[in-house]
Amino acid sequence: MKTIVVLTGAGISAESGIKTFRDADGLWEGHDVMEVASPQGWQKNPNLVLDFYNQRRKQLLSVKPNKAHKALVDLEEKYHVEIITQNVDDLHERAGSSKVTHLHGELLKVRSTTNPEDVQEWKKDLVLGDFCKNNSQLRPHIVWFGEAVPKMEKAMQIVQQADILLIIGTSLVVYPAAGLMSYAPENTPVYLIDPNPTIEENENLHIIAEKASFGVPQLVDNLLTNL
Ligand code: APR
């Protein structure tokens, strides 16, 4: 069975109703990203950060996977599919994808501020005074700007196994995630689906300048029929 590795970004969830990051002048739901998504922002105003993620969590619980998330599940009929997502939503899992690696953390999880291994599921609001079992404040299980990306090593190893690489809805500007495609074996066919692609087509890179809900089901159909 061939392996398809899929790298997804905010664009795949846009049509579910979750805003992308860079389609709105560097503001993220009205906030400077550094205020709400950095260790410095957390030090300065933890209530603002918690409130921001509480809103995002509520929003996530009110939206659903779209046709693009669902089409990727169909690919599993004939391929070994590994999804590496920069998204913190759980829409790939809810659609039914079985192998999902979250590079930038998960909105529906929190972790201890003193023990990064102490992670738990969390669906309600998180507030100051919510403690882990060792009495330290809990924080969102999100990789903030300036923090290490613990899943990067695993993601690199996955990309090295790719027979085909799909890249969907990402501006490819945030590193180290943006560098992942360079770990694919030489001459691996790459398909990029994004209405505003930031890179150019070449011999191995095929650009499908469409929205995910249209471009992904079509490509999946082709990949299932032309094995
Ligand atoms: N279908 C497919 N792609 C779309 C759609 C859509 N309907 N709508 C927008 N896009 C594309 C945009 O053209 C853009 O290239 O999605 C991309 C979104 O880019 P970003 O907002 O930069 O999101 P992403 O690449 O996921 O950001 C990476 O940056 O802020 C951090 O940690 C955060 O994981 C995030 C990382």
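Heavy-atom basis, side chains included; hydrogens, waters and symmetry copies ignored. Whatever order the structure lists them in is the order used to number ligands and atoms, beginning at 1.
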To the nearest 0.5 angstrom, please state how far the [atom1] atom of [X] sits from the [atom2] atom of [Y].
X      : Y      : atom1 : atom2 : value
Asp89  : Ser16  : CG    : OG    : 7.5 Å
Asp74  : Lys67  : CG    : NZ    : 12.5 Å
Gln137 : Asp130 : CD    : CG    : 6.5 Å

Would you indicate whether the side-chain heavy atoms of Ile18 and Leu91 approach each other to under 4.5 Å?
yes
Can you pull out every ring pair (Phe, Tyr, Trp, His ring centres under 6.0 Å) where at least one residue sits in residues 190-219? Sequence neighbours excluded, please.
Tyr191-His206
Taking Arg139 first and then Glu147, would you say they form a salt bridge - that is, a charged N and a carboxylate O separated by under 4.0 Å?
yes
Anything with a heavy atom under 4.0 Å from ligand 1 counts, so go ahead and list those protein residues by chain and number.
Gly9, Ala10, Gly11, Ala14, Glu15, Thr20, Phe21, Arg22, Asp23, Gln86, His104, Phe145, Gly169, Thr170, Ser171, Val174, Asp194, Pro195, Asn196, Lys211, Ala212
